[in-house]
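Numbered from 1 within each chain, the chains take letters A, B, ... in sequence-line order.
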There are 2 protein chains.
Amino acid sequence: MPLLASDRTVGRLSLYRRLLSHLLQEKVRSVFSHRLAEAAGVTAAQVRRDMMVVGYNGIPTKGYDVESLIESIGQFLDAPDPEAVALVGVGNLGRAILSYFDGRRPNLKIVAAFDNDPSKAGQVISGCRCYAVRQIPEVFAENEIATVIITVPADQAQEVCDLLVDAGAKGILNFAPVGLRVPAYIHVENVDMTTSLEKAAYFGRRP
Amino acid sequence: MPLLASDRTVGRLSLYRRLLSHLLQEKVRSVFSHRLAEAAGVTAAQVRRDMMVVGYNGIPTKGYDVESLIESIGQFLDAPDPEAVALVGVGNLGRAILSYFDGRRPNLKIVAAFDNDPSKAGQVISGCRCYAVRQIPEVFAENEIATVIITVPADQAQEVCDLLVDAGAKGILNFAPVGLRVPAYIHVENVDMTTSLEKAAYFGRRP
DNA sequence: ATAACATCGTTACATATGTAACGCTGTATT
DNA sequence: AATACAGCGTTACATATGTAACGATGTTAT
Ligand SMILES: NC(=O)c1ccc[n+]([C@@H]2O[C@H](COP(=O)([O-])OP(=O)(O)OC[C@H]3O[C@@H](n4cnc5c(N)ncnc54)[C@H](O)[C@@H]3O)[C@@H](O)[C@H]2O)c1
Ligand SMILES: NC(=O)c1ccc[n+]([C@@H]2O[C@H](COP(=O)([O-])OP(=O)(O)OC[C@H]3O[C@@H](n4cnc5c(N)ncnc54)[C@H](O)[C@@H]3O)[C@@H](O)[C@H]2O)c1
């Protein structure tokens with residue numbers, strides 16, 4: 001299993017897996033690179049090339065076996081054991097995300113939420129328990145949390161980020177519209193909705 | 001003003017503008033490519049190259065004038081007149097987005113929200129009026145809406161998308177985890193949070 | 001005034017990413 | 001059993017994107 005996979009490739013693999021899961025729900029057993037490509041919005045060659053990365057082999061005239069391909073992508077993308085995820089900032093967006101991920105990916109489950117609003121502590125929102133910010137170190141240690149989601153106001157994001165890194169976070173999904181300063185070994189994935197909306201408007205205008 | 005700008009370039013320009021706005025709030029008048037690059041997480045050469053695209057010229061030893069650079073990027077990215085945006089699906093995520101964009105970008109304002117839940121129609125949420133789905137054509141025509149945000153459940157997204165395209169949408173920001181089928185001249189910008197979270201986890205694990 | 005210097009704009013180069021071509025493989029059909 | 005063929009894996013190619021190098025330029029200090 002090669003350890004090399006580009007950012008883009010990982011993104012597509014994640015997408016393929018979701019599409020394959022839908023197919024499985026519809027009792028589809030096998031799929032050709034063409035069809036998977038069409039659903040993902042890429043070329044068939046791209047799909048086949050991505051399969052090389054995960055080391056999965058299809059069968060000519062049969063295509064890919066949906067179930068075992070999901071399994072293979074999982075082995076490549078996921079950690080060996082289910083992973084615990086934490087979210088910080090139980091506001092409008094944070095609550096929406098908690099409800100969205102509730103029960104969605106068993107291997108990547110949000111098990112703890114943190115907020116500095118005292119009234120949040122102790123609550124259970126969308127199946128996720130809320131804690132005070134000062135409890136981050138202990139909860140992270142108990143659950144071996146390495147992946148976190150930041151949904152606090154922009155002016156609080158860096159401060160919160162530092163706490164999370166100290167507590168052992170390695171991968172950060174950041175929704176605050178600020179560039180976080182982190183050590184080199186930490187990975188930050190930014191979701192920038194303002195930029196996305198401006199891109200939609202720009203390219204919608206100029207085809 | 002060249003009409004060529006890659007997806008990535010547009011994304012960075014949008015980011016630069018936000019960073020520059022922050023600088024302006026702090027009364028910073030001018031900025032060097034190095035500092036802007038650092039804040040954006042790119043190289044100084046990248047910043048200078050991007051400035052070529054918008055046709056803006058800085059001054060050696062002075063750098064870029066913050067205020068006029070914001071103006072130039074705006075002329076490049078934005079439509080000549082303020083643009084109206086619509087959102088469909090006033091649920092958990094939709095409401096969070098309405099509150100987030102409320103009064104943020106004057107040139108790109110969410111003026112209408114749509115939902116098929118009758119109790120939503122007539123409400124005003126975060127300064128945005130809600131309508132029934134069947135009112136899409138008239139409201140789009142009245143406000144010349146070309147950019148839309150889709151936050152309906154996945155199994156409703158394609159249907160809603162078709163309505164929006166018929167009503168004149170050109171740029172679509174899609175939060176539903178499905179690949180939308182649209183005519184070639186329509187631009188779809190997907191925000192895929194599941195993929196983003198899986199990427200954060202994957203690259204956090206393997207540096 | 002002029003020389004020194006930091007930064008800019010631009011061109012040339014390097015890497016990353018995506019596309020297409022091609023031979024191989026396994027199934028189905030006669 | 002032989003043959004046709006559709007799809008796969010792989011390699012080679014094309015394009016897109018990012019990085020660095022270099023000469024031009026304007027400001028500041030002597
Ligand atoms: N709402 C959206 O759709 C949206 C879209 C894009 C980006 N964002 C960004 O996401 C972040 C959250 O947005 P929101 O709309 O949910 O805001 P919000 O104000 O509704 O929620 C923020 C939450 O963070 C908590 N908080 C504040 N400081 C904290 C701290 N130091 N430690 C822990 N918790 C703290 C608050 O108590 C609150 O519950 C912001 O940075 C915003 O810019 C939001
Ligand atoms: N909540 C999140 O953080 C999150 C994250 C990523 C993606 N998403 C995606 O965003 C979408 C919305 O998520 P949500 O959590 O807000 O769901 P939600 O159920 O809270 O909201 C959906 C809203 O859409 C409305 N709706 C349903 N069908 C409609 C139709 N045909 N026309 C108009 N309106 C319709 C519903 O009345 C409801 O108000 C989903 O596709 C979800 O997968 C959500």
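- The two atoms that bring A/Leu164 and A/Val88 nearest to each other are CD2-CG2, 3.8 Å, heavy atoms only.
- For the pair B/Asp7 CG and D/dG18 C1', the interatomic distance rounds to 15 Å; values are reported in whole Å.
- Counting only heavy atoms from C-beta outward, the side chains of A/Ile172 and A/Val165 approach each other to under 4.5 Å.
- Residue B/Arg12 is in sugar-phosphate contact alone, with no base atom involved, counting any heavy-atom pair closer than 4.0 Å across all strands shown.
- Counting only residues at least two apart or in different chains, salt bridge (Lys or Arg N to Asp or Glu O under 4.0 Å) contacts with residues 54-73 of chain B are absent.
- Put simply, the side chain of B/Lys120 gets close to the backbone of B/Val90: a donor and an acceptor are under 3.5 Å apart.
- Look at CG on A/Leu4: it is 11 Å from P on C/dT17, rounded to the nearest Å.
- For the pair A/Glu144 (side chain) and A/Ala84 (backbone), a donor-acceptor distance under 3.5 Å is absent.
- Sorted pairs that involve residues 159-170 of chain B and meet salt bridge (Lys or Arg N to Asp or Glu O under 4.0 Å), not counting sequence neighbours, are lacking altogether.
- A salt bridge (Lys or Arg N to Asp or Glu O under 4.0 Å) check over residues 81-101 of chain A, counting only residues at least two apart or in different chains, returns the pairs A/Glu83-B/Arg205.
- Atom P of nucleotide D/dG7 and atom CG of A/Asp65 are separated by 17 Å, given to the nearest angstrom.
- Interatomic distance, SG of A/Cys130 versus CG of A/Leu98, reported as 7.0 Å (0.5 Å rounding).
- Rounded to a whole Å, the CG atom of B/Asp50 is 11 Å from the P atom of D/dT19.
- Counting only heavy atoms from C-beta on, A/Pro60 has its side chain closest to D/dA6 among D/dA6, C/dT17, D/dT19.
- Relative to the ring axis of A/Phe101, A/Arg105 does not place its NZ or CZ within 45° and under 6.0 Å from the centre.
- For DNA chain D, none of the residues of residues 15-22 of chain A falls under the heavy-atom distance limit of 4.0 Å.
- B/Arg35 CZ: 12 or fewer foreign heavy atoms inside a 6.0 Å radius.
- Side-chain atoms of A/Phe32 lie closest to D/dG7 of the nucleotides D/dG7, D/dG26, C/dT7.
- In this structure, a donor-acceptor pair under 3.5 Å is present between the side chains of B/Tyr100 and A/Thr194.
- Between B/Ser33 and C/dC8, a side-chain N or O to OP1/OP2 separation shorter than 4.0 Å is present.
- Heavy-atom distances under 4.0 Å link DNA chain C to no residue of residues 186-199 of chain B.
- The side chain of A/Gln46 approaches C/dT19 more closely than any other nucleotide in the set C/dT25, D/dG18, C/dT19.
- Computed from coordinates, the A/Leu36 CG to D/dG7 P distance equals 14 Å when rounded to whole Å.
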All N/O contacts under 3.5 Å from nucleotides 9-14 of chain D to the protein, with atom names and distances to one decimal?
| residue | atom | partner | partner atom | Å |
| --- | --- | --- | --- | --- |
| D/dG9 | OP1 | A/Tyr56 | O | 3.4 |
| D/dG9 | OP1 | A/Gly58 | N | 2.8 |
| D/dG9 | OP2 | A/Tyr64 | OH | 2.9 |
| D/dG9 | N7 | A/Arg48 | NE | 3.2 |
| D/dG9 | O6 | A/Arg48 | NH2 | 3.4 |

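- At a threshold of 4.0 angstrom between heavy atoms, the contacts of A/Thr61 include nucleobase atoms, whether or not backbone atoms are also involved.
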